[in-house]
Amino acid sequence: MRTADLTGLPTGIPEALHDEGIEELYPPQAEAVEAGLTDGESLVAAVPTASGKTLVAELAMLSSVARGVPEPRSDGSGELPSGSTGGKALYIVPLRALASEKKAEFERWEEYGIDVGVSTGNYESSGEWLSSRDIIVATSEKVDSLVRNNAAWLEQLTCVVSDEVHLVDDRHRGPTLEVTLAKLRRLNPDLQVVALSATVGNAGEVADWLDAELVHSDWRPIDLKMGVHYGNAISFDDGSQREVPVGRGERQAPALVADALDGDDDDDQGSSLVFVNSRRNAESAARRMADVTEQYITGDERGELAQLAAEIRDVSDTETSEDLAKAVAKGAAFHHAGLASEHRTLVEDAFRDRLIKCICATPTLAAGVNTPSRRVIIRDWQRYDGDYGGMKPLDVLEVHQMMGRAGRPGLDPYGEAVLLANDADTRDELFERYIWAEAEDVRSKLAAEPALRTHLLATVASGFAHTREGLLEFLDQTLYATQTDDPERLGRVTDRVLDYLEVNGFIEFEGERIQATPVGHTVSRLYLDPMSAAEIIDGLEWGAKHRSEKLRALAGETPEKPKQRTDADADDAPGGFQRASEMVSTGDGGGSDDGADDSGSGDGADNGTDDEFETDQTYPTPLGLYHLVCRTPDMYQLYLKSGDRETYTELCYEREPEFLGRVPTEYEDVAFEDWLSALKTAKLLEDWVGEVDEDRITERYGVGPGDIRGKVDTAEWLLGAAERLASELDLDSVYAVREAKKRVEYGVREELLNLAGVRGVGRKRARRLFEAGVETRSDLREADKSRILAALRGRRKTAENILEAAGRKDPSMDDIDESDAPEDAVPDDSGFETAKERADQQASLGDFE
DNA sequence: TTTAAGTCCCTATAGACAGCATGTC
DNA sequence: CTATAGGGACTTAAA
């Protein structure tokens, strides 16, 4: 089918497609159009990655927008209806990163009158603004949240596209997608649903659920050769072989990477994507691959790579960042969730630009933004799984997704996906298990209690159902209902969940009728797991009840303090817990650890947390609040590594009065373990708000810079929710919660809160200003300009922006000389650095001891 | 003597959505 | 209840 023959699209679109070089539809796309895609027909397209799914979505959305709400145009003229009579399309993505990718893609239709908007947790276009958009891109959670908050424009939707719909199989996030689709269809029964799926076993079942036509195809625009490397050759699925000798002592993966770079017969340099099963493996593999790729980079590339490496170092001053930069300088990289998102983007972009020749990645990359590669090497096909209790083979679907990354459009004649085997038996098994195998069926995970807890409350709160029967009737529209062979099960779980929700005061019964309580409504709108909300409420109320007793306990600890502070000015570890961890793992150099943060001020009066107990008697304490939100199911906790158990057990006893709730006894094994991992996570947050350096935090907790951001974001969100709950329940901890939240938001100690709220001032600048004697917002307005300029290291423009943001009348820094600043205003930079060096040196000395 | 290869033991284990109100160094 | 790769420390074999 030719694009020129397409009907029902807005004026100019077929021509535009033609100009883009799309003259002929791919077979699956043509099939979709024949199935009625552009006439508003619902459709499930189960096709491989990179086989033109996006165009299928675009055709559906554009034609739906053109067709409009009232009546389908029969003339097929495609004249775009003016203004609000046009249809409205929603594109649901599984990841935030994909939302911006898709938005950028769809924006090329703007010149044809199609407005595109995005809505994710990060990047929110206000609800009103969205209602004027023709195409809206959002994550499934955001859509769910919009439904809960009754976003008016949802009712105007004429078309919904669900990308990667096979993710309804996901234990954690699948139910949200499933329920959201069911709700959208219920809001608008005529809704066109276009579901894009990987090739899965039961695509037909998914189509039945959505009352949709099915297009199922293995066709792909670039051929994919799948094979297994064993010995000195790859055996491909088409029967062909490729010699790739592996020298003695050499490993398979580097040999394959080198082989791809050697190319076939031209000077074509093939990039490789190596999938491994852990972050550490990704990093060490990248280190090895860098020695391979280094031999293939040209002089020009060397310079560009050096620059890229510098950009990477700029993102974050951590070991991860440094290791990545080192690999990148040689043309290789690693990629995993511990990276800062800027890191990821830099690596992905450079790989697409063919600057980076090889990425060693955890499975993140397979699900993320589009990063095609000449060769995909799946080094590890098993992964540790705690629930399973050992190494578990990857799902076929997952492996297929990875393999689908092979083949760069326009660059490669075909893509190659290679699994690695050490022996003939494994080779045969890999062929059986992954290459010849069809992907697993998609199975709904909706009947799991945690999923229903959230969604039943939301369903009641947003008025989709008012009785148990109503709920079951609603649930009957989900994929789960079409799949289950035990129809009773849903009813049983529903009853248990309703019971839970009632006991915790989120819903109440009036005879048959179920209603959400005011708190229940809030919880639903805040997008909290009801269990998290219950934990938070319990914790805050428990704290209110035990307040005076705990305050006394906290005060009772003071006698020991002065002594500890003199021999160790560790700002963040009241008590000697850090000492225990030194010996076990971190090798941190004694008390001068973090000395860098203190050295500037000298007077020690800013030693946040512990002083509070003595002077302000703040309760609940920040640590108590962080621990509270860290133990909710909405927070992903840090692992306890070896040695951590004793470290945090000790800390747990020291900080016992701060916890908001009863500490489980050590005999309650699982509960105690959870309590400790929550404590570890809370401690990370306490370090963060204690202004501990990023690299020190990553070192101490064994996390990457991206993990810190993630924990901080989540904590901020949960503390925001806690604040709302506290104010709604009229608890006087609201203020403490708000402050703890603000400190997490800015990553600063209490005394910097006032400064850090100013636009342009973050944790670092705030500290510099404070040390220079500029301690508050009003100081910014009144203090001597030379003093401020000196504190900001002479950055005039920055200083002006900051002063303006602080509301100073005359922010101009012209004619101001930083050297005019009084002696005490100049940040003691050398001291700053030497203190840090000293700390680092001692840390490395510690490693030898 | 130097270097490569082999062995033993220990350790650690993927990912990332959401409220609200505005902006890091 | 389930496994395995990597790295360091060390030993052994070859040059």
Side-chain angles (χ1 to χ4, degrees), chain A residues 93-97 99 120-122 124 126 138-146 148-149 167 170-173 176-177 248-249 251 275-285 287-288 314-317 336-338 341-342 361-368 379-380 382-394 398 422 454 522-529 532 585 634-636 639-643 702 706-707 709-711 713-714 716-725 741 745-747 756-768 792-793 795 798 801-802 805:
Chain A
V93 288
L95 294 167
R96 290 199 290 234
T120 65
N122 278 358
E124 163 79 58
S126 77
T139 55
S140 38
E141 284 78 9
K142 188 64 194 190
V143 178
D144 187 18
S145 167
L146 289 164
R148 295 182 190 194
N149 289 287
L167 291 173
D170 185 282
R171 178 174 302 281
H172 301 290
R173 299 179 55 205
T176 302
L177 178 57
R248 283 190 67 75
R251 289 164 188 273
F275 284 106
V276 298
N277 63 4
S278 75
R279 293 177 178 191
R280 214 177 65 148
N281 287 345
E283 293 183 16
S284 58
R287 209 176 310 130
R288 277 195 301 277
D314 270 355
V315 170
S316 127
D317 181 24
H336 57 64
S341 57
E342 299 91 330
T362 56
T364 4
L365 201 62
R379 197 192 75 178
D380 303 334
Q382 301 188 93
R383 186 174 49 227
Y384 181 84
D385 180 330
D387 299 332
Y388 185 75
M391 294 305 273
K392 187 182 178 181
L394 298 182
E398 218 170 342
N422 291 319
T454 295
T522 303
V523 170
S524 167
R525 278 199 307 266
L526 286 173
Y527 213 78
L528 275 183
D529 182 332
S532 297
S585 57
D634 276 312
M635 176 66 90
Y636 219 62
Y639 293 106
L640 287 185
K641 301 190 180 167
S642 81
D707 298 301
R709 282 306 334 162
K711 295 286 172 287
D713 277 352
T714 311
E716 211 182 303
W717 165 53
L718 287 170
L719 288 164
E723 185 190 336
R724 278 282 290 278
L725 290 171
K741 180 198 134 182
E745 187 178 347
Y746 302 125
V758 177
R759 180 188 314 162
V761 182
R763 66 195 305 234
K764 297 241 166 91
R765 285 178 184 168
R767 179 50 66 192
R768 288 187 168 281
L792 295 170
R793 298 166 141 179
R795 301 274 160 77
T798 312
N801 289 339
I802 289 173

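Residue numbers start from 1 in every chain, and the chains themselves are labelled A, B, ... in the order their sequence lines are given, proteins ahead of strands. All values below come from the heavy atoms of this structure, side chains included, with hydrogens, waters and symmetry mates left out. Here the structure is a predicted model, which means the values were calculated and not measured.
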Between C:dG7 and B:dA14 - P atom distance, rounded Å: 15 Å
Atom pair distance, as rounded to whole Å: CZ in A:Arg251 and P in C:dG7: 7 Å
Any donor-acceptor N or O pair under 3.5 Å, side chains A:Asp144, A:Tyr527: yes
Distance-only donor-acceptor test (3.5 Å): side chain A:Arg280, base B:dA12: no
Atom-to-atom span, OH of A:Tyr527 to P of B:dG19 - whole angstrom: 8 Å
Nearest-nucleotide comparison on DNA chain B, the residue closer to the 5′ end among A:Ser278 and A:Ala97: A:Ser278
Spacing of A:Arg173 atom CZ relative to B:dA18 atom P, expressed in whole Å: 8 Å
A:Gln382 CD - B:dT13 C1' separation (whole Å): 13 Å
Euclidean distance, atom CZ of residue A:Arg759 to atom P of B:dT24 [Å, nearest integer]: 9 Å
Phosphate contact (B:dA14 OP1 or OP2) by A:Lys392 side-chain N/O below 4.0 Å: no
Watson-Crick or G-U wobble partner of B:dA18, both distances under 3.5 Å: none
Separation of atom CG in A:Asp380 from atom P in B:dT13, rounded to whole Å: 15 Å
Intra- and inter-strand pairs of DNA chain C in dot-bracket (Watson-Crick or G-U wobble, both distances under 3.5 Å; | for another strand): ..|||||||||||||
Between B:dA21 (P) and A:Arg724 (CZ): distance, integer Å: 8 Å
First of A:Gly760 and A:Val276 reached from the 5' end of DNA chain B, by closest nucleotide: A:Val276
A:Met635 CE - B:dG15 C1' separation (whole Å): 16 Å
Stacking check A:Trp717 vs B:dG19 (5.5 Å / 30 deg): no
Ionic contact status for A:Asp713 with A:Arg709, cut-off 4.0 Å: yes
